[in-house]
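Everything numeric here is computed off the predicted structure, so don't read it as measured data. Order of the sequence lines sets the chain letters (A, B, ...), proteins ahead of strands, with each chain counted from 1.
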Amino acid sequence: MKVLAIDTTTYTLGVSLLEGEKLIGEYTTDLNKNHSLRVMPAVEALMKECGVEPAELEKIVVAKGPGSYTGVRIGVTIAKTLAWSLKVPLSGVSSLAVLAASAHFYPSYISPIFDARRGRVYTGLYKYEKGQLVTVKEDRNVLLTDWCHELKELPGEILFVGKDVALHKETIREEMNEQAVCGKEYTSYPRPYELGILGLQAPDEEIHSFVPNYIRLAEAEAKWLEKQADEKRNG
Amino acid sequence: MKKDIYILGLETSCDETAAAIIKNGREIVSNVVASQIESHKRFGGVVPEIASRHHVEQITLVLEETLKQASMTFEDLNAIAVTKGPGLVGSLLIGVNTAKALAFAHQLPVIGVHHIAGHIYANRLIEEFTFPLLSLVVSGGHTELVLMKEHGKFEVIGETRDDAAGEAYDKVARTLGLPYPGGPHIDRLAHEGEATVDLPRAWLEEGSYDFSFSGLKSAVINTLHNAKQRGIEIQPENLAASFQQSVIEVLTVKTVKAAKEFGVKQVLLAGGVAANKGLRTSLEAAFSETEGVQLIIPPLSLCTDNAAMIGAAGTILYEKGIFEDLAMNGYPSLDIEQG
Ligand SMILES: [Zn+2]
């Protein structure tokens with residue numbers, strides 16, 4: 001089965017082409033450049049280089065978030081459009097899971113981190129069990145200190161992975177001491193090949209209704225709901 | 001015999017997710033618009049982040065419905081045309097990336113269309129163009145007089161120096177406590193009242209075809225404020241009628257003057273405010289007295305944002321062989337004379 005996987009949720013732009021679990025080719029950059037402009041040319045170049053025609057694709061996989069709202073939307077829009085118009089199945093994978101997979105052979109817990117500003121992070125908790133990545137705690141947007149408190153209850157080490165770990169190293173150390181291990185450069189980047197592999201294991205989505213997992217409501221909507229709740233409370 | 005050209009148009013520059021198939025630049029084969037207006041009403045205006053989210057939810061559904069209504073597949077199409085700007089950047093990017101993915105998947109050329117060129121070309125779905133022609137473009141973001149001497153070439157001879165007409169409508173509507181979007185409410189109220197309030201008309205310097213509506217908007221707000229302080233009640237119907245009369249008078253007089261100066265054969269009305277009954281009536285009256293000029297006003301459904309107009313404008317670029325590559329982006333501000 002020929003699979004095209006796309007990840008545009010962070011600065012790391014990734015595209016991979018798989019034949020089942022075998023890698024045909026992959027494209028990764030970690031640049032602060034415009035994803036909207038670059039994704040389709042990257043897909044086109046990779047597929048051309050690998051000699052695969054669009055009509056040969058049998059599955060589309062996309063990193064569905066969390067991440068940059070705009071970035072997540074670009075990837076999901078392209079993936080939905082390709083899957084719908086080529087009439088092939090679509091699978092969505094957590095972009096945090098893809099990052100966690102950068103620590104593929106780590107024996108304990110893995111916490112992938114995307115910075116969400118003001119002391120908050122997007123994260124979740126993952127673990128490899130018999131070679132399979134499993135979700136221990138769902139993806140969320142959380143204050144890093146709260147997250148550390150929660151993780152302290154767990155038996156065993158926790159590996160923090162992702163480029164943004166560098167921003168929070170001190171907080172993690174302070175809160176968790178030796179229980180925390182901060183990943184090195186090697187575990188800093190989500191890899192599109194891992195995305196493809198995780199996508200093969202993920203269920204097929206209903207294409208039309210498939211949307212990114214932003215985790216957070218749009219700011220205007222959150223404020224509106226808050227106001228509604230206030231009005232209800234105050235009668 | 002010339003082969004028929006079928007273009008799929010896509011439009012997501014603001015709060016409508018739209019797709020259409022156009023035959024030979026003039027005939028609507030299918031036309032689907034999913035409006036988000038109900039979702040944005042509670043915020044009193046379009047929220048860009050929410051608009052982008054809705055586009056992702058709607059896009060493939062709208063496309064499927066468009067192909068279904070046309071009983072066509074991608075193999076029947078010659079190209080994909082999409083609005084590349086101006087508009088809300090997050091919204092534009094959904095249409096642009098959808099168009100690029102479709103073009104790649106089905107090996108079709110992709111065409112980038114200027115949103116206002118689209119509004120102008122909505123008229124060609126009604127009547128063939130005769131050049132030179134003048135287009136009055138009035139919408140939430142634009143108030144322009146555009147001269148065309150040939151297909152696909154646009155010359156802006158006048159534009160607003162501050163607020164767009166539609167923007168002034170929305171702000172005045174808010175001051176009067178009318179719900180969003182305010183334009184249609186003012187239009188309705190204006191027909192119930194009389195223009196009894198003296199409001200300014202911004203003619204600007206002699207010979208200029210530019211517009212200015214911020215002074216008028218402030219005058220309406222001040223009038224209401226002063227009346228309130230003095231305990232005088234102003235009928236909102238009358239204030240709406242006075243405001244509308246001021247806007248329409250300036251638009252009509254400048255359009256007639258420009259039509260004469262440039263010796264145009266057609267005058268087209270374009271953009272969302274073209275749905276305004278007062279404006280339609282005023283232009284019809286003015287041009288019934290102007291010999292040799294044909295006035296074209298599209299039906300309401302083609303005035304507001306839609307993708308039929310993008311397919312129509314895109315057909316001209318297709319015929320000229322002007323295509324984009326897969327590195328096309330969305331451009332929140334884009335010049336119609338360049339773009
Ligand atoms: Zn418009």
Side-chain angles (χ1 to χ4, degrees), chain A residues 4 6 8 33-45 47-48 53-57 60 62 64-65 68-88 90 205-212 214 216-225 227-228, chain B residues 8 10 12 17 19 39-65 67 73-75 77 80 82 84 88-108 110 324-331:
Chain A
L4 175 71
I6 300 170
T8 58
K33 278 189 175 177
N34 193 317
H35 282 351
S36 165
L37 199 144
R38 295 172 60 234
V39 196
M40 281 315 298
V43 169
E44 186 183 39
M47 288 188 49
K48 204 174 163 198
E53 297 288 327
E56 291 175 62
L57 293 174
I60 309 292
V62 67
K64 66 177 178 184
S68 135
Y69 290 167
T70 305
V72 169
R73 264 196 292 274
I74 289 168
V76 168
T77 299
I78 290 173
K80 275 180 85 159
T81 306
L82 289 176
W84 167 74
S85 79
L86 292 168
K87 300 188 172 68
V88 298
L90 168 71
E205 304 279 352
E206 210 281 294
I207 297 174
H208 288 314
S209 59
F210 181 65
V211 287
Y214 301 103
R216 291 180 116 175
L217 289 172
E219 209 181 313
E221 192 159 30
K223 278 188 183 150
W224 183 81
L225 287 172
K227 216 177 104 194
Q228 298 301 107
Chain B
L8 173 72
L10 269 172
T12 65
T17 316
S39 170
H40 294 283
K41 257 183 186 163
R42 59 194 156 140
F43 307 116
V46 176
V47 178
E49 173 60 24
I50 289 171
S52 309
R53 291 187 179 196
H54 284 310
H55 286 307
V56 183
E57 289 163 18
Q58 295 292 332
I59 193 75
T60 56
L61 273 173
V62 167
L63 282 166
E64 185 159 287
E65 184 61 24
L67 286 170
T73 68
F74 284 97
E75 276 157 37
L77 299 173
I80 315 285
V82 63
K84 66 172 176 179
L88 300 170
V89 67
S91 290
L92 286 167
L93 292 185
I94 305 306
V96 165
N97 280 290
T98 301
K100 293 199 290 183
L102 289 176
F104 173 70
H106 301 282
Q107 303 292 294
L108 291 166
V110 60
E324 306 276 342
D325 59 25
L326 291 184
M328 168 173 54
N329 204 3
Y331 303 93

Lys80(A) side chain to Thr60(B) backbone, donor-acceptor under 3.5 Å: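 No.
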Where [X] and [Y] come nearest, the two heavy atoms and their spacing:
X         : Y         : result
Val211(A) : Glu57(B)  : CG1-CG, 3.4 Å
Pro41(A)  : Leu326(B) : CD-O, 3.3 Å
Ser85(A)  : Phe74(B)  : CB-CE1, 3.8 Å
Leu37(A)  : Ala327(B) : CG-O, 3.3 Å

Roughly how far apart are [X] [atom1] and [Y] [atom2], rounded to 0.5 Å?
X         : Y         : atom1 : atom2 : value
Asp325(B) : Met40(A)  : CG    : CE    : 11.5 Å
Glu219(A) : Ile50(B)  : CD    : CD1   : 10.0 Å
Thr81(A)  : Leu63(B)  : OG1   : CG    : 7.0 Å
His35(A)  : Asn329(B) : NE2   : CG    : 12.5 Å
Lys100(B) : Ser36(A)  : NZ    : OG    : 5.0 Å
Ile78(A)  : Phe104(B) : CD1   : CZ    : 10.5 Å

Does atom CD (Glu75(B)) have a neighbourhood of more than 12 heavy atoms from anything else shown, all under 6.0 Å?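 Atom CD in Glu75(B) is not crowded, with 12 or fewer foreign heavy atoms closer than 6.0 Å.
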Heavy atoms of other groups near Glu56(A) CD, more than 12 under 6.0 Å: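 Yes - once you tally the heavy atoms of other residues, nucleotides and ligands closer than 6.0 Å, there are more than 12.
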Top residue by heavy-atom pair count (under 4.5 Å) with chain A, among [options]?
options                                 : result
Ile59(B), Val47(B), Leu93(B), Leu67(B)  : Leu93(B)
His55(B), His106(B), Glu64(B), Gln58(B) : Glu64(B)
Gly90(B), Ala101(B), Ala103(B)          : Ala101(B)

Is [Y] close to [X] at the side-chain level, that is, under 4.5 Å between some pair of heavy atoms?
X         : Y        : result
Arg53(B)  : Tyr69(A) : yes
Leu102(B) : Trp84(A) : yes
Glu221(A) : Arg42(B) : yes

Between Thr77(A) and Asn97(B), is the side chain to side chain donor-acceptor pair (under 3.5 Å) condition met? List the steps. CA-CA 7 Å; Thr77(A) 299; Asn97(B) 280 290; over 6 Å; no
Would you call Glu49(B) and Arg73(A) a salt bridge, taking side-chain N to carboxylate O under 4.0 Å as the test?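 Result for this pair is yes, salt bridge flagged.
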Using non-hydrogen atoms and a 4.5 Å limit, figure out which bit of Thr70(A) sits close to chain B: side chain, backbone, both or neither.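 Contact with chain B involves the side chain of Thr70(A) alone.
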